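Data block below; observations after.
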Amino acid sequence: MKTTHVVPEPVDSPESVVSPESVVSPESAAQPEQARRTGLRAMGWPLVAAGVGIGAALLLHFRDPHGEGSYGICPVYALTGFYCPGCGGMRGMHNLTDGRILDAIHSNLLVLPLVLAFVLWIGDWSIRAWRGERMRLPRLGRTTMWVFFALLIGYTVLRNTPWGTWLTPV
């Protein structure tokens, strides 16, 4: 008895069709994920950011912003006559680099916390870069952000009232 084996015709169903994107070539399968830089090789951008911060501090240390028109005038103050949250920041940074912390706080209450936050951020970025990890940006929740903005607006309003003269730039 002779048997014949019949092979069915191929059917082009969506399941049987292989797209070119789904085919993995042997070359791409053998390539490992690119390794992140570690050690001194990864410190480029953190060192640039630290250098910019140190350069700005040195500039404000050696060129006194207390002189009239030494850096120009705040555009918000020039247009409205009101102190913005940043008014007195350069004078505060100059006082901070001279070691006069109370004068720096009196020039602008936000200078010291912002400088400390910048130093901590650069330090964290440098440590993470040294280990080969990505930079971490601070995550602010919605409530934290609105509280921060409310405090900033309250600070701005208070420093422009007769009760907040102790917050005006020196």
Side-chain angles (χ1 to χ4, degrees), residues 21 32-170:
E21 295 87 23
E33 191 174 308
Q34 184 179 1
R36 298 190 59 81
R37 292 180 179 176
T38 59
L40 196 57
R41 293 178 52 132
M43 297 295 291
W45 288 113
L47 289 176
V48 167
V52 168
I54 291 169
L58 286 173
L59 176 68
L60 288 170
H61 177 74
F62 290 114
R63 184 167 180 210
D64 190 3
H66 289 90
E68 185 68 32
S70 60
Y71 285 99
I73 191 166
C74 173
V76 174
Y77 184 74
L79 291 173
T80 64
F82 294 117
Y83 296 116
C84 74
C87 280
M90 290 196 299
R91 287 174 279 200
M93 189 65 194
H94 173 78
N95 291 334
L96 199 59
T97 60
D98 280 344
R100 299 188 316 248
I101 296 173
L102 290 178
D103 288 343
I105 291 172
H106 187 59
S107 290
N108 191 321
L109 190 63
L110 303 176
V111 167
L112 190 59
L114 288 176
V115 168
L116 288 175
F118 180 75
V119 168
L120 289 174
W121 178 64
I122 292 294
D124 180 64
W125 186 13
S126 300
I127 290 169
R128 292 175 69 82
W130 186 269
R131 294 177 183 165
E133 300 171 6
R134 292 185 182 266
M135 174 182 61
R136 177 174 46 187
L137 292 175
R139 293 188 180 132
L140 295 176
R142 178 174 282 169
T143 305
T144 306
M145 183 180 61
W146 283 110
V147 167
F148 174 74
F149 283 137
L151 289 173
L152 196 62
I153 290 169
Y155 170 69
T156 304
V157 170
L158 184 62
R159 76 187 311 203
N160 287 294
T161 61
W163 305 284
T165 55
W166 59 279
L167 292 172
T168 58
V170 178

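What you see is a predicted model; the values in this text were computed from it and never measured.
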(request) Rounded to the nearest 0.5 Å, what's the gap from CZ on Arg134 to CH2 on Trp125? Could you check? (result) 13.0 Å
(message) I'd like to know if the side chain of His106 and the backbone of Trp166 have a donor-acceptor N/O pair within less than 3.5 Å.
(response) yes
(message) Would the distance check show the side chain of Tyr83 and the main-chain N or O of Leu167 forming a donor-acceptor pair, the cut-off being under 3.5 Å?
(response) no
(message) Does atom CG (Leu79) have a neighbourhood of more than 12 heavy atoms from anything else shown, all under 6.0 Å?
(response) yes
(request) Would you check if Leu59 and Met93 make a side-chain contact, meaning some heavy-atom pair closer than 4.5 Å? (result) no
(message) Tell me if a side-chain donor or acceptor on Arg136 pairs with a main-chain N or O of Arg128 at a distance below 3.5 Å.
(response) no
(request) Of all the heavy-atom pairs spanning Trp121 and Met135, show the shortest one and how long it is. (result) CZ2-SD, 3.5 Å
(message) What's the separation between atom CG in Asp64 and atom OG1 in Thr97, rounded to the nearest 0.5 Å?
(response) 9.0 Å
(message) Keeping Asn108 on the side-chain end and Pro169 on the backbone end, is there a donor-acceptor pair under 3.5 Å?
(response) no
(request) Please say whether more than 12 non-hydrogen atoms of neighbouring residues, nucleotides or ligands are located less than 6.0 Å from OH in Tyr77. (result) no
(message) A side-chain contact here means heavy atoms from C-beta on lying under 4.5 Å apart; do Tyr155 and Leu109 qualify?
(response) yes
(message) Looking at every non-hydrogen atom in both residues, tell me the closest pair between His94 and His61 and how far apart they are.
(response) CE1-O, 3.3 Å
(message) To the closest 0.5 Å, what do you measure between CH2 (Trp45) and CD1 (Ile122)?
(response) 12.0 Å
(request) Any chance you could measure Trp146, atom CH2, to Arg142, atom CZ, to the nearest 0.5 Å? (result) 8.5 Å
(request) List the atom of Cys84, the atom of Cys74, and the distance in Å for their closest heavy-atom pair. (result) SG-SG, 3.7 Å
(request) Answer yes or no: is there a side-chain heavy-atom contact under 4.5 Å between Arg159 and Cys87? (result) yes
(message) Testing the basics here: between Pro85 and Leu110, what is the closest heavy-atom pair and its distance to 0.1 Å?
(response) O-CD1, 3.8 Å
(message) Would the distance check show the side chain of Thr80 and the main-chain N or O of Val76 forming a donor-acceptor pair, the cut-off being under 3.5 Å?
(response) yes
(request) For Asn95 and Arg100, indicate whether the former's side chain and the latter's backbone hold a donor-acceptor pair under 3.5 Å. (result) no
(message) Let me confirm one number: the CG-CG distance from Asp98 to Asp103, rounded to the nearest 0.5 Å.
(response) 9.5 Å
(request) Step through the shown structure and confirm whether more than 12 heavy atoms of other residues, nucleotides or ligands are within 6.0 Å of CD1 on Ile101. (result) no
(message) Rounded at 0.5 Å granularity, tell me how far CG in Leu60 sits from CE in Met90.
(response) 6.5 Å
(request) Locate the shortest heavy-atom distance separating Ser70 from Pro65; write the atom from each residue and the value. (result) OG-CA, 3.3 Å
(message) Please give me the minimum heavy-atom distance between Thr156 and Asn160, naming the atom from each residue.
(response) O-ND2, 2.7 Å
